[in-house]
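Residue numbers start from 1 in every chain, and the chains themselves are labelled A, B, ... in the order their sequence lines are given, proteins ahead of strands.
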Amino acid sequence: MSKGTIVSVSGPLVTAKGMETANIQDICRVGKLGLIGEIIEMRNDVASIQVYEETSMVGPGEVVETTGEALSVELAPGMISQMFDGIQRPLDEFMEKTNSNFLERGMSIEPLNREKQWEFTPSLEEGTEVSEGDIVGIVQETKVIEHRIMVPFGVKGKIKSISSGSFTISDPIYVLETEDGEKEFTMMQKWPVRRGRPIKTKLNPEEPLITGQRVIDTFFPVAKGGAAAVPGPFGAGKTVVQHQIAKWADVDLVVYVGCGERGNEMTDVINEFPELIDPNTGESIMERTVLIANTSNMPVAAREASIYTGITIAEYFRDMGYSVAIMADSTSRWAEALREMSGRLEEMPGDEGYPAYLGSRLAEYYERAGKVVTLGSGDRTGSITAIGAVSPPGGDTSEPVTQNTLRVAKVFWGLDSSLAQRRHFPSINWLNSYSLYSNEMNDYVGKQLGEDWNDMVTRAKALLQDESELQEIVRLVGVESLSERDRLKLVVARMIREDFLQQNAFDDVDTYTSRNKQYEMLFTILNFEDQAVRAMDLGAYYDEIIKGTDNVRERVGRMKYISEDDIKTIETIRNQTKDDIQTVLEKGGVESDA
Amino acid sequence: MLKEYKTVSEVVGPLMTVEGVEGVKFDELVDIELQTGERRRGQVLEINGDKAVVQLFEGSTGINLEDTKVRFLAKPLSLDVSEDMIGRTFDGMGRVSDGGPNLIPEKSLDINGIAINPIARDYPDEFIQTGISTIDHLNTLVRGQKLPVFSGSGLPHKELAAQIARQASVTNTDEKFAVVFAAIGITFEEAEYFMNDFKKTGAIDRSVLFINLADDPAIERIATPRMALTAAEYLAFEKDMHVLVIMTDMTNYAEALREISAARREVPGRRGYPGYLYTNLATLYERAGRLEGTKGSVTQIPILTMPEDDITHPIPDLTGYITEGQIILSRDLYNQGYQPPINVLPSLSRLKDKGTGEGKTRVDHAPTMNQIFSAYAQGKEAKELSAVLGEAALSETDRKYVEFTNKFEKEYVNQGNYTNRTIQETLDLGWELLKVLPRAELKRIKDDMLDKYLPKGE
Ligand SMILES: Nc1ncnc2c1ncn2[C@@H]1O[C@H](COP(=O)(O)OP(=O)(O)OP(=O)(O)O)[C@@H](O)[C@H]1O
Ligand SMILES: [Mg+2]
């Protein structure tokens with residue numbers, strides 16, 4: 001620990017002299033108020049400190065004291081359902097302790113509750129040899145998450161004693177005989193947020209993350225352990241997409257990082273999540289959610305830290321063998337925080353004022369996602385799927401944050417303001433978005449469905465591609481110039497767009513679509529085309545087909561509102577399609593042999 | 001005793017450097033006395049050793065390096081508040097400017113405020129009826145929301161803002177309501193328009209006005225919205241009032257910020273605005289909201305003019321990234337004589353979903369809204385098509401859409417600045433227009449609702 005004296009203050013950047021014994025990345029308490037800061041640069045005895053709280057009325061001469069510890073998170077039972085700020089201060093306790101609705105400064109709050117008793121059940125016996133990552137016991141933290149207590153990194157030994165019963169996270173629960181003698185351990189570990197938690201090996205992602213969002217699952221799936229970027233101008237739907245995934249994805253745990261965005265959006269999550277039932281577990285989704293909120297008006301340096309805090313917590317749960325999804329809304333605000341600190345340090349600016357290391361920092365973050373074999377015996381596998389919103393200025397994705405993200409993320413959900421303006425949501429542009437996992441994931445799904453899912457998806461995408469070309473022609477010379485077959489194509493493409501891709505996040509039923517229902521829906525639309533083409537081949541006219549299928553097309557349009565329990569009824573739509581087309585043919589006097 | 005310094009070493013644009021200072025704090029309020037005896041105010045932007053960089057709110061004209069006296073006031077820039085502020089007018093720095101007596105302050109508040117703990121927020125979900133169909137139905141405003149108006153030079157944003165202030169205040173008369181108005185570098189004429197309108201309707205007795213006009217000091221504009229928001233927070237969270245804050249024009253605010261940033265030789269971001277413009281604007285806009293355990297609310301309607309009507313310009317762009325939607329005015333509609341010329345397609349209220357529907361407005365609110373949006377979008381596309389290829393190129397359905405679109409703009413959008421429609425009237429009008437379309441086209445509305453509101457056989 002060392003003490004220094006403040007020399008200068010400029011916004012979130014404070015420099016202090018007399019800090020020769022301090023280390024880079026040490027956490028310090030700054031000034032009379034004891035604000036929390038982190039050393040980011042050292043020059044001789046002068047440390048540059050980024051302060052995680054507002055520095056108003058702080059000045060030279062005040063004291064800075066280092067804690068000798070790097071910015072770390074506490075990892076133990078008590079994180080789930082909590083909302084923390086960017087440096088893991090629990091916001092509910094913050095409010096209680098300050099007795100204020102506002103974020104008063106200089107508060108020091110323990111990240112995790114020290115009083116709460118947890119029921120610990122050992123899973124290993126005395127005498128067992130253990131090493132880092134081994135699970136010594138479990139705590140049922142929420143109805144759906146069993147918190148697996150692991151031997152901390154770098155520790156090896158034989159269990160001398162292990163207790164069972166109710167404990168707080170700071171009570172000793174087991175003792176190991178290690179090379180350096182006996183050591184006591186609690187349920188809690190600490191980990192410095194800027195360092196990835198070690199793993200055994202990385203694996204290739206192979207299983208899709210099911211989000212219940214049709215355009216994502218069907219057209220642009222992301223793998224469990226993959227990384228996806230959601231860029232889009234304001235109001236295009238980035239936050240709704242992330243909320244939807246946080247709500248419905250078939251993962252064990254979600255870490256949601258509100259990074260430099262709106263306060264009300266976090267309130268929304270807190271209000272809404274406890275009410276929502278996870279279709280996979282039947283329990284409230286709050287039981288598997290950890291929230292980190294560093295809203296746009298909260299100190300900018302803590303915003304920079306927030307995504308590291310988030311991913312470290314995600315890694316910890318991954319290490320237990322869980323599949324975790326982490327959402328960061330918005331990585332652009334994180335990059336701006338980086339830029340602001342860099343500017344104040346007077347570093348050489350790179351592209352658009354961002355520091356030259358922007359790309360490597362982004363890559364480092366996304367690299368912490370992935371599917372892995374964890375440390376510890378039993379070869380558990382866990383995964384982190386990272387989904388990051390990007391907010392490009394003016395919606396122009398040629399800017400550095402989007403471009404650097406696309407270098408590391410394999411899935412690109414490009415949100416389109418013109419679709420959003422037409423209230424086509426999710427406004428993921430089907431022509432320029434992509435998923436490099438698409439084929440693998442479709443094969444995987446296809447095997448489960450016992451169908452050629454990849455074929456169906458490819459066909460639907462091709463239809464939309466054709467549509468955009470046909471529309472070009474229509475704009476120039478009118479719809480009359482198209483062949484009957486092409487006009488039919490336009491009808492089917494519109495069905496795919498409106499009746500399949502469009503999905504209302506705020507409708508109780510439409511908000512989530514299971515994979516089976518997605519299959520049924522797409523199959524029904526493609527079946528319509530097959531039937532109509534067959535009729536055309538037999539001589540029916542476009543107009544006749546359209547008139548004769550008015551009613552059934554309306555039913556196709558309402559498929560999305562059919563509840564998961566009634567999926568069977570979708571089949572009746574296909575039957576009606578067949579019947580109605582048959583009627584068209586009969587009216588037209590053409591006999592069908594089918 | 002505060003120490004007095006006569007050690008000004010540099011004055012560049014709106015910045016002043018004072019040397020040999022002691023005990024000076026970041027953000028500290030500064031009192032500057034010119035050789036003429038004139039007093040000005042400043043704020044410490046940076047303190048390095050014994051050197052303080054001070055931002056001069058009233059500019060540097062006439063400052064003399066040798067004779068200027070500087071005192072650091074050991075507190076940040078603050079606003080004296082009391083309930084008696086209501087009905088009064090202040091300048092852009094929060095000094096009484098209506099010739100009346102000074103306030104007897106209840107307390108003095110740091111104008112920067114403190115960030116709200118997200119957990120303390122109460123989600124805004126109380127419908128505010130503005131009486132304007134395009135807002136109430138399609139871009140619903142709720143209490144505690146921040147909903148800016150994106151305008152262009154010469155477009156009637158002041159008429160719209162005044163209409164909202166006038167009409168939103170009449171409903172819910174049982175609750176305490178106040179308007180806080182911040183004029184940020186606008187013309188005398190524009191400010192007068194608001195004042196007259198407030199006077200005419202009596203709203204003036206429930207208003208607090210902060211006025212920085214175009215010929216007032218530019219750097220003061222950095223303080224003006226903070227003054228207004230500090231007053232608003234005080235009235236809302238300590239006096240349980242529902243406060244509507246109108247701030248116009250945020251473009252002038254951002255320009256003042258740019259001036260400071262340039263004087264400090266910071267690396268400029270897009271169009272010369274500082275890289276921290278987003279965060280800076282957020283510290284203003286995020287001061288809207290409701291809090292658990294308090295009755296009041298701060299609702300913000302910031303107004304900004306988009307340079308060259310360009311929505312990708314950093315000011316509207318970053319504003320849109322922070323606020324909960326935006327109301328966009330359209331030059332086309334305005335040129336057609338439609339009032340208020342709200343362009344509903346790119347406009348948005350993100351908080352509409354929880355502030356509308358059964359028990360708040362009416363059960364058909366959301367479905368009809370979605371239907372109108374999609375019908376209007378489709379109608380506009382059809383109109384464009386017919387402009388190129390002639391009406392004959394349109395299908396029968398498309399022609400219906402065009403008819404809908406024309407009627408929608410003419411009857412629904414164009415309600416005038418003095419028509420005050422209830423939400424029920426607006427919803428009924430919406431159905432009236434949707435009747436133009438074939439029922440099969442109304443896919444966004446569920447069957448039972450169609451049956452109820454559009455009885456078959458009509
Ligand atoms: N799937 C959806 N269903 C229905 N409405 C949607 C959907 N997605 C987005 N919206 C609408 O679009 C609005 C804006 O979406 P959202 O807040 O996610 O935008 P954003 O891209 O995060 O914007 P910003 O960058 O400003 O945060 C929402 O408030 C909602 O009205
Ligand atoms: Mg968002």
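When the candidates B:R287, B:R444, B:K146, B:E441 are compared by the number of heavy-atom contacts under 4.5 Å with chain A, B:R444 comes out ahead. Annotation: maximal heavy-atom pairing with chain A below 4.5 Å, among B:D50, B:I47, B:I311, occurs at B:I47. Contact count against chain B (heavy-atom pairs under 4.5 Å) is highest for A:G11 among A:A337, A:G11, A:P299. Put simply, of B:K51, B:K446, B:H313, the one with the most heavy-atom pairs under 4.5 Å next to chain A is B:K446. When the candidates A:R422, A:E554, A:M266 are compared by the number of heavy-atom contacts under 4.5 Å with chain B, A:R422 comes out ahead.
Contact of A:K238 with chain B is made through the side chain alone, with heavy-atom distances under 4.5 Å. Heavy-atom distances place no part of B:L29 under 4.5 Å from chain A, backbone and side chain included. Proximity to chain B involves both the backbone and the side chain of A:N101, based on heavy atoms less than 4.5 angstrom apart. For a residue to count as touching a neighbouring chain, one of its non-hydrogen atoms must lie under 4.5 Å from one of that chain's; by this rule A:E272 touches chain B with the side chain only. Heavy-atom distances place no part of B:I328 under 4.5 Å from chain A, backbone and side chain included. For A:P392, the parts lying near chain B are the backbone and the side chain together; criterion is any non-hydrogen pair under 4.5 Å. Neither the backbone nor the side chain of B:Q145 comes within less than 4.5 Å of any heavy atom in chain A. Contact annotation for A:L103: both backbone and side-chain heavy atoms come within less than 4.5 Å of a heavy atom of chain B. With a 4.5 Å cut-off on non-hydrogen atoms, A:L476 touches chain B through its backbone but not through its side chain. Residue B:P268 does not touch chain A at all, counting heavy-atom pairs closer than 4.5 Å. If you measure heavy-atom distances from B:V21 to chain A, you find no contacts under 4.5 Å at all. Using a 4.5 Å cut-off between heavy atoms, A:D499 contacts chain B through its side chain alone, with no backbone atom that close. Residue contact with chain B, scored on non-hydrogen atoms closer than 4.5 Å, is absent for A:V240. In this structure, the portions of A:S391 lying under 4.5 Å from any heavy atom of chain B include both its backbone and its side chain. Contacts between A:D85 and chain B at a heavy-atom distance below 4.5 Å are absent for every atom of the residue. Within the 4.5 angstrom heavy-atom criterion, no atom of A:E54 approaches chain B. With a 4.5 angstrom heavy-atom cutoff, B:K380 does not touch chain A via any of its atoms.
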Can you check salt bridge (Lys or Arg N to Asp or Glu O under 4.0 Å) on B:R264 and A:E346, steps first, answer last? CA-CA 12 Å; B:R264 297 186 70 186; A:E346 297 180 359; over 6 Å; no

Show your reasoning for whether side-chain contact (heavy atoms from CB on, under 4.5 Å) applies to B:R121 and A:N264. CA-CA 7 Å; B:R121 283 184 187 269; A:N264 279 328; 3.5 Å; yes

If you apply the rule side-chain contact (heavy atoms from CB on, under 4.5 Å), what do you find for B:K354 with A:D268, and how did you get there? CA-CA 10 Å; B:K354 298 205 171 68; A:D268 190 24; 2.9 Å; yes

Just do the side-chain contact (heavy atoms from CB on, under 4.5 Å) check on B:E324 and A:E265 with the steps written out, would you? CA-CA 10 Å; B:E324 286 141 348; A:E265 288 175 348; over 6 Å; no

Stepwise side-chain contact (heavy atoms from CB on, under 4.5 Å) test for B:Y321 and A:R333: CA-CA 10 Å; B:Y321 271 124; A:R333 305 306 165 212; 3.0 Å; yes

Determine whether B:R350 and A:T239 satisfy the following criterion, side chain to side chain donor-acceptor pair (under 3.5 Å), listing intermediate values before the conclusion. CA-CA 11 Å; B:R350 296 165 195 244; A:T239 303; 5.5 Å; no

Distance-only donor-acceptor pairs under 3.5 Å for side chains of residues 383-396 of chain B, two or more places apart:
unit_1, atom_1, unit_2, atom_2, d
B:K383, NZ, B:N406, OD1, 2.7
B:S386, OG, B:K383, O, 3.1
B:S395, OG, B:D398, N, 3.1

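Atom OG of residue A:S417 and atom CG of residue B:L348 lie 12.0 Å apart, to the nearest 0.5 angstrom. A distance of 7.0 Å separates OG1 of B:T323 from CZ of A:F234, quoted to the nearest 0.5 Å.
Between the side chain of A:R262 and the main chain of B:E286, no donor-acceptor pair closer than 3.5 Å is present. Between the B:Y276 side chain and the A:V300 main chain, no donor and acceptor come within less than 3.5 Å of each other.
Residues B:T279 and A:R303 have side chains that bring a donor and an acceptor to within less than 3.5 angstrom of each other.
Contacts with chain A (heavy atom to heavy atom, under 4.5 Å) involve these residues of residues 365-373 of chain B, listed by number: B:N370, B:F373.
Heavy atoms only, all atoms of each residue included: A:F102 and B:I114 are closest at CD2-O, 3.1 Å. For the residue pair B:I116 and A:N297, the shortest heavy atom distance occurs at N-ND2, 3.9 Å. Nearest heavy atom pair, residue A:S56 against residue B:D27, reads OG-OD2, 2.9 Å. Pairing each heavy atom of B:R270 with each of A:P393, the nearest pair is NE-CB, 3.4 Å.
At most 12 heavy atoms of other shown residues, nucleotides or ligands fall within 6.0 angstrom of atom CD in B:E22.
A salt bridge is defined here as a Lys NZ or Arg NE, NH1 or NH2 lying under 4.0 Å from an Asp or Glu carboxylate O, and A:R339 with B:E266 fails to meet this definition.
Taking the ring centre of B:Y376 as origin, the terminal cationic atom of A:R423 falls outside the region bounded by 6.0 Å and 45° from the ring axis.
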